[in-house]
2 protein chains.
Amino acid sequence: MTDTRIPLSRDRILTAAVELADAAGVEVMSMRKLAGSLGFEVMSLYNHIANKGDLITGMVDWIAGDMARLDPDRPGKQAVRDMSISAHDVLIEHPWAAPLWTRSMPGPNRLLLMEDLLAAFRRGGFSPRLAHFGFHAITMHIVGFTLQQLNYAETNSATDDAASAFIATLDPEQFPYMIEHVEYHIHDDEGGDFVFILDLILDGLERAKG
Amino acid sequence: MTDTRIPLSRDRILTAAVELADAAGVEVMSMRKLAGSLGFEVMSLYNHIANKGDLITGMVDWIAGDMARLDPDRPGKQAVRDMSISAHDVLIEHPWAAPLWTRSMPGPNRLLLMEDLLAAFRRGGFSPRLAHFGFHAITMHIVGFTLQQLNYAETNSATDDAASAFIATLDPEQFPYMIEHVEYHIHDDEGGDFVFILDLILDGLERAKG
DNA sequence: ACCTGAACACCGTTCAAGT
DNA sequence: ACCTGAACACCGTTCAAGT
C-alpha cells in the first residue's frame with residue numbers, strides 16, 4: 001500500500017495554516033487541526049517546522065510577501081503611501097495577522113519591506129534620526145490602526161446591532177461624545193480614515209524635514 | 001477547623017492576576033496558577049469572574065485606572081499630551097497589557113478615558129469628524145507605539161547582545177539601512193521618540209482644524 | 001453563597017518506534 | 001528522511017457535591 005499523499009513541506013504547511021486562520025481564526029488553528037486539514041498526524045509537522053512559534057513567524061512573513069514592495073520609480077512620499085495602503089489591505093484580508101505582527105521576529109519578506117521603507121526616507125533626504133521616527137510612525141500606523149479597526153469590527157459584530165446595543169448601555173449624560181463616536185462608526189465611516197491619518201503623518205514628517 | 005483565609009472577591013482576584021502577569025507574563029498566568037497564588041482551588045475563581053475573557057477585560061481595565069485622567073483645567077492639547085504620556089508609562093509598566101488592549105471591550109475606567117479624550121477634542125473646537133480622527137490617531141499611537149517598543153525590548157532581550165547578533169545575520173550590502181536602524185536603537189534611543197511622534201500628531205491635528 | 005474534586009475535551013511537545 | 005502512536009504536562013470549563 002503506497003502512500004499517495006503529496007508529501008509535507010514548510011510551504012504546504014504555511015499555506016494551509018494561513019488558509020485555516022483566514023477561515024476560522026488563529027485561536028482555532030491548533031497544531032492538531034492544522035495537521036488534520038492536511039491529512040497527516042500532528043507530529044509530522046515537526047519534521048518541517050521547529051515549533052508553533054516558528055509556524056506563526058512563518059505565517060506572518062507569508063502574508064508580508066503579499067504586500068506591495070515600494071516602487072523605487074515614484075517619489076518617496078508617494079511610494080511610502082502606496083506601500084502603506086497595500087500593507088493595510090493585506091492585514092485587513094488576514095485579520096489574525098495584525099495582532100501577531102509585533103509579536104514575532106521579522107522574516108525575510110518583512111525585512112525587505114522594512115529596508116525599503118527606511119531606504120525611501122534616507123534617500124528622500126531624511127536624517128537617520130528622522131528616518132527612524134518616520135519608520136516607527138508609519139509601521140505603527142499600519143499595524144496599530146488596523147488593530148483598532150479590526151477590534152471595532154469584532155466587538156460590534158457583523159451587523160451594527162451590537163454597536164447600538166453598546167450605545168444603549170451608556171448614560172447619555174456621562175458619555176455624550178462616546179455615543180457620538182460610536183454613531184460615527186455606524187453611519188459615517190467610509191473607510192478613508194486610514195489614509196487620512198497616514199497623510200497627516202507623511203505631511204508632518206515632510207515638514208519636520210524642513 | 002474554621003477557614004482563616006480572606007475570602008475571594010473580584011478585586012482580590014484582579015490584583016493577584018495583575019501581579020502575576022507583571023512578574024511572570026500573561027502567557028504564564030493560567031487560571032490554575034492564579035488560584036494557587038491566592039491559596040484557593042481553580043473553580044473558586046468562577047464564583048467571582050465569568051471566565052478567562054472576563055478576567056482579562058478586568059485586568060486591562062484595572063491598569064487603565066492607573067492612567068492619569070485628562071486635566072480639564074489645562075488647554076486641550078496639553079491635557080491630551082499629558083494623558084498620553086501617562087498612559088504610555090502605565091503600559092510600559094505592565095508589558096502584557098498593550099497586546100490585550102485592543103482585544104477586549106472597554107471597561108468602566110477605559111470608558112472614562114475615552115470620553116475625556118473625545119470631549120477634549122470636541123470642546124477644543126474639533127468637528128465630530130476631526131475629533132474622530134484625532135481620537136484614533138492618539139489611541140493608536142499610545143498602544144501601537146508601546147507595542148513596537150516592547151517588541152523591540154523583547155526580541156533584543158535584556159542586553160544589546162541579541163541586537164548585535166541580529167545585525168550580524170544581515171548582509172550589509174542588502175540591508176544597510178536596517179543595520180543603521182537597529183544601531184540607532186542600541187546607541188541613540190533615549191526614550192523621547194514616543195513624545196516626538198505624539199507632538200507630530202498633535203500639531204498635525206491642530207493644523208487640520210484650520 | 002461560596003468552595004471543591006473529579007471529569008471532559010482539548011492543548012504543544014518529547015520520545016521511541018516504524019518505514 | 002519522513003511519518004506515527006503513545007505518553008506527559010499542561011490548559012479552560014462543566015457539573016455535582018459539599019458547607
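Just so you know, these numbers use all the heavy atoms, side chains as well, and skip hydrogens, waters and symmetry mates. Residue numbers begin at 1 in each chain, while the letters A, B, ... track the order of the sequences. Quantities reported herein were computed from a predicted structural model and do not represent experimental measurements.
- Using a 4.0 Å heavy-atom cutoff across all strands shown, B/Ser30 reaches sugar-phosphate atoms only and no base atom.
- With respect to the salt-bridge test (charged N to carboxylate O, under 4.0 angstrom), the residues A/Arg122 and B/Glu180 qualify.
- Look at B/Lys52 and you won't find any side-chain N or O under 4.0 angstrom from OP1 or OP2 of D/dC11.
- Between A/Tyr46 and C/dT14 there is no side-chain polar atom (N or O) within less than 4.0 angstrom of OP1 or OP2.
- Side-chain proximity of B/Arg5 to the nucleotides C/dC3, C/dG12, D/dC11 is greatest for C/dC3.
- Taking 4.0 angstrom as the limit, B/Ser44 places a side-chain polar atom (N or O) nearer than this to OP1 or OP2 of C/dT4.
- For the ring pair (Phe, Tyr, Trp, His ring centres under 6.0 Å) test with A/Phe126, the passing option among A/Phe133, A/Phe135, A/Phe121 is A/Phe121; the others fail.
- Relative orientation of the B/His132 and B/His136 rings is perpendicular, given thresholds of 30° and 60° on the angle between their planes.
- Residue B/Arg32 has its side chain nearest to D/dC11 when only D/dC11, C/dC11, D/dT4 are considered.
- One can place CG of B/Leu34 at 13 Å from C1' of D/dG12, the figure rounded to the nearest angstrom.
- In this structure, A/Met31 reaches the sugar-phosphate backbone alone: every heavy-atom distance under 4.0 Å involves primed, P, OP1 or OP2 atoms, never a base.
- Of all nucleotides present, none satisfies the Watson-Crick or G-U wobble test against C/dA9 with each distance under 3.5 Å.
- Of all nucleotides present, only C/dT4 satisfies the Watson-Crick or G-U wobble test against D/dA16, with each distance under 3.5 Å.
- Of the candidate nucleotides D/dT4, C/dC3, C/dT13, C/dT13 has the atom nearest to the side chain of A/Val42.
- Between D/dT4, C/dC11, D/dT13, one nucleotide has an atom nearer to the side chain of B/Met43 than all others, and that is D/dT13.
- Listed pair A/His48 / D/dA1 fails the phosphate criterion, with no side-chain N or O lying under 4.0 Å from OP1 or OP2.
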